[in-house]
There are 2 protein chains.
Amino acid sequence: MKIGEASELSDLPAKTIRYYEEIGLVQSDRLDNGYRDYGKQQIHKLRFIQRSRSLGFTVEQCRTLLSLYDDPDRSSADVRALAESHLEEIEQKIQELAGMRDTLSQLVKSCQGDHRPDCPILNDLAGSQ
Amino acid sequence: MKIGEASELSDLPAKTIRYYEEIGLVQSDRLDNGYRDYGKQQIHKLRFIQRSRSLGFTVEQCRTLLSLYDDPDRSSADVRALAESHLEEIEQKIQELAGMRDTLSQLVKSCQGDHRPDCPILNDLAGSQ
DNA sequence: TCATAACCTTCCTGTTTGTGGAACGCTAGG
DNA sequence: CCTAGCGTTCCACAAACAGGAAGGTTATGA
């Protein structure tokens, strides 16, 4: 099947699929006319990547996950460790964003938001605590 | 004062300060030897940007915030609108990350994490629901 | 049969926000 | 006079694609 169908089945843009090939994440066969040709196996890989990316794994982590997936001698501990470390990063990011949200919503609340120039938000940014 | 001191006072790496100058965010005077020279006003701006960035505003939003800060005829509504839209983006991002976290922590919990290859995490990624 | 639309290809550029490094100039101190 | 520690410019790279140009292929339909 050609890249358009692969794109639909994997829920990845064709551009992205080509990019993944360029960086050596998923190969493709070629038809006589040079078009990319995908089989079941490759579609499966593409979906695997799509799912992994949607969980926030980086492309390099996806590469590792794929190689673990392909390795019958893997230990589930390796997979779990990768997932756990990713989970920690996510939680850290959430904390960071939550801090911003709290500060920012305080600032927004404190600002009248009218035609006048006085603005506690700008005052805060300017460091006039 | 030279860029090293400006860096310390603004809590921004010298490289970053030069970058901000390159994109027209903060200018600098020059000494006879070509070294950048910063005054109180510029340090103030740098700190303003640093604070804004730490709240997650993009560089372009910082540019807007700076121009609002410099504009005596601004209306606080404009500032508030910018902050609110940024706040919404942050909240959206938090939601997204929280979704990842929930799914991922479920997966991590369900995985033994031992020497055996069986791994619910990989199974999930592979789409075997 | 031919035109055209809808695919596909490669290649180049741009995005965002800096960081790292090379190669070099200036200056203060020992 | 030499060296350390500043400063300068310029170039390359990072992640993960997206947009678009220029061109080849194929299916459809008049």
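Each chain gets a letter, A, B and so on, in the order the sequences are listed, and its residues count up from 1.
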What is the distance from [atom1] of [X] to [atom2] of [N], rounded to the nearest Å?
X       : N      : atom1 : atom2 : value
B:Ile3  : C:dC26 : CD1   : P     : 18 Å
A:Lys15 : C:dG14 : NZ    : P     : 14 Å
A:Glu5  : C:dC7  : CD    : P     : 12 Å
B:Tyr38 : D:dG7  : OH    : P     : 10 Å
B:Lys2  : D:dT8  : NZ    : P     : 9 Å
B:Arg63 : C:dG18 : CZ    : C1'   : 14 Å
A:Arg18 : C:dT9  : CZ    : C1'   : 7 Å
A:Leu25 : D:dA16 : CG    : P     : 10 Å

>> Does A:Tyr35 contact D:dG24 through a side-chain donor or acceptor facing the base, at a distance under 3.5 Å?
In response: yes
Between [X] and [N], does any side-chain N or O lie under 4.0 Å from OP1 or OP2?
X       : N      : result
B:Tyr20 : C:dG18 : yes
A:Thr16 : D:dA16 : no
A:Arg30 : C:dT10 : yes
B:Thr58 : C:dT16 : no

Decide yes or no for [X] and [Y]: does some side-chain heavy atom of the first lie under 4.5 Å from some side-chain heavy atom of the second?
X        : Y       : result
B:Asp114 : A:Ser76 : yes
A:Thr16  : A:Arg53 : no
A:Arg36  : A:Glu21 : yes
A:Met100 : A:Glu96 : yes

Give [X] one of three labels, base, sugar-phosphate or nothing, depending on what nucleic acid heavy atoms sit under 4.0 Å from its own.
X       : answer
B:Arg36 : sugar-phosphate
A:Ile23 : nothing
A:Arg53 : sugar-phosphate

>> Using the rule given for side-chain contact (heavy atoms from CB on, under 4.5 Å), can you reason through B:Arg101 versus A:Glu91, listing the C-alpha separation, both sets of side-chain angles and the distance that settles it, and then say yes or no?
In response: CA-CA 7 Å; B:Arg101 180 198 53 198; A:Glu91 267 160 0; 3.6 Å; yes
> When you match B:Asn33 and B:Glu60 each to their closest nucleotide on DNA chain C, which lands nearer the 5' end?
Replying inline: B:Glu60
